[in-house]
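A short worksheet on the structure shown next.
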Amino acid sequence: MRPLLERARDNLRGREVVAVMSGKGGVGKSTVAALLAVGRGNTALVDLDIFGMSTPRLFGVVGRLHEVEKEGIRPFEVGGVKLFSLGGVVGDRYVVLPGANEGGVVEAILAFADLRGVDRVVVDMPPGMGEALLALERVARFKPVLVSTPSAMSVKVVSHLAEYLVERGAKPAALVLNMAYVECGGGRVYPFGRGDDARRLAERLGAALVELPIDPELESYVGRIGEYRGPAYRELLKAGL
Ligand code: ADP
């Protein structure tokens, strides 16, 4: 077996891996991944969304670089989370990876992340079904948490991802319906509809449907997401995620 793959498998062995995934970008996947990691203890957040890295910005570590020691890549310890991101290797710049190298980068990060003391690894996956997903499948068994908005288009695309995961024996644990409603004047407004398509999908999958509100406060936590304990965070906790 290739040594990198073997090392990545060894590194994740015995740890719970929660893979946060979406069909489309911009649905709140990175935000949900961050909220599944903060305040949980012994948790690492690994940003594998290598073309759309958001976690360094969410945690206020843009431009900082990981130190590399003999034990591996040292995480940023921020907001109570051990954070790893390719952004901490290349800096605040874009990355171009021709061919199939995305999978190699994913394997390398998972192989060299120093996960000592970590029981739970939350991975922020790129949207869709590409090389990163195939690489994660090679490395570890994982618990998929799907993220979508209630829009029919977003739900349709995530349903294809869900079908694929079921076929591969990685049944989604939950469908997080992000930006499902806004609390106002004591009631709820559903700007993108009631999420019937998502509810049907979750039922078909036997997965929990977890509705998160649009929280206008959330944007002000960019840079210090580790401090956020607002309604979106509380709903995820309530759902046991
Ligand atoms: P993705 O990872 O799917 O591309 P992000 O997590 O980067 O999406 O979120 C996209 C934008 O939407 C960010 O500006 C984020 O702060 C905002 N956002 C995500 N979820 C919510 C929410 N529940 N309420 C308010 N804003 C949100």
Side-chain angles (χ1 to χ4, degrees), residues 18-39 45-62 78-79 81 83-87 92 94-95 102 106 109 122-130 132-133 136 144-162 165 172 174-184 188-195 198 208-239 241:
V18 178
V20 185
M21 303 172 164
S22 66
K24 284 176 169 290
V27 297
K29 171 184 57 61
S30 296
T31 305
V32 168
L35 297 182
L36 290 180
V38 301
L45 174 59
V46 185
D47 179 9
L48 296 181
D49 190 356
I50 53 188
F51 300 113
M53 294 173 283
S54 305
T55 51
R57 193 151 273 110
L58 282 172
F59 284 88
V61 295
V62 173
V78 60
V81 172
L83 171 64
F84 299 88
S85 175
L86 185 65
D92 186 20
Y94 64 83
V95 182
E102 186 181 352
V106 164
I109 296 173
V122 177
V123 294
D124 181 14
M125 295 298 288
M129 293 179 274
L133 174 55
L136 184 66
V145 171
L146 304 179
V147 184
S148 174
T149 67
S151 96
M153 269 193 282
S154 170
V155 174
K156 184 72 209 166
V157 180
V158 92
S159 75
H160 291 311
L161 173 59
L165 291 167
L175 172 59
V176 175
L177 199 58
N178 191 28
M179 310 194 221
Y181 58 89
V182 197
E183 295 278 4
C184 52
R188 287 183 178 181
V189 176
Y190 294 81
F192 305 114
R194 292 280 177 154
L209 183 74
V210 185
E211 294 185 48
L212 306 187
I214 296 176
D215 180 359
E217 292 284 301
L218 201 45
E219 203 61 34
S220 67
Y221 282 87
V222 172
R224 53 186 186 101
I225 195 80
E227 294 169 30
Y228 178 79
R229 295 292 184 273
Y233 182 81
R234 293 197 300 269
E235 289 301 320
L236 290 169
L237 264 194
K238 231 196 285 174
L241 291 176

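Just follow the structure's listing: the first ligand is 1, and inside any ligand the first atom is 1. Since the structure is predicted, the reported quantities are computational estimates derived from the model, not experimental observations. We use all heavy atoms of the structure for the numbers below, so side chains are in, but hydrogens, waters and symmetry mates are not.
The protein heavy atom nearest to atom 22 (C) of ligand 1 is Leu218 CD2, 3.4 Å. The protein heavy atom nearest to atom 8 (O) of ligand 1 is Gly28 N, 3.0 Å. Summary of contacts: the protein heavy atom closest to atom 7 (O) of ligand 1 is Ser54 OG, 4.0 Å.
Thr55 and Ser30 share no side-chain donor-acceptor pair at under 3.5 Å.
An N or O contact shorter than 3.5 Å links Val27 to ligand 1 by distance.
Put simply, the side chain of Arg194 does not reach to within 4.5 Å of the side chain of Tyr181, judged on heavy atoms. Put simply, the side chain of Leu241 does not reach to within 4.5 Å of the side chain of Leu237, judged on heavy atoms.
By the ring pair (Phe, Tyr, Trp, His ring centres under 6.0 Å) test, Tyr221 pairs with Tyr228, sequence neighbours left out. Residues satisfying the ring pair (Phe, Tyr, Trp, His ring centres under 6.0 Å) criterion with Phe192, sequence neighbours excluded, are absent altogether.
The heavy atom nearest to atom 20 (N) of ligand 1, considering only Asn178, Asp215, Thr31, is found in Asn178. Checking Met21, Glu219, Lys24, Glu235 against atom 16 (O) of ligand 1, the nearest heavy atom belongs to Glu219. Among Met53, Arg57, Met179, Lys29, the residue whose heavy atom lies nearest to atom 18 (N) of ligand 1 is Met179.
Proximity of Gly26 to ligand 1 is established by a heavy-atom distance of less than 4.0 Å.
For ligand 1, the atoms sitting less than 4.0 Å from at least one non-hydrogen atom of Pro213 are 22 (C), 23 (N), 24 (N), numbered in the order shown with element in parentheses.
In this structure, atom 11 (C) of ligand 1 is not in close contact with the protein, since no protein heavy atom lies within 4.0 Å of it.
When non-hydrogen atoms are compared, ligand 1 lies under 4.0 Å from the backbone of Ser30 as well as from its side chain.
Atoms CG and CD1, on Asp47 and Ile109 in that order, are 7.5 Å from each other to the nearest 0.5 Å. Taken from CG in Leu133 to CG in Leu165, the straight-line distance is 6.0 Å, to the nearest 0.5 Å.
Taking every heavy atom of both residues into account, Leu146 and Ala162 meet most closely at CD1-CB, 3.7 Å.
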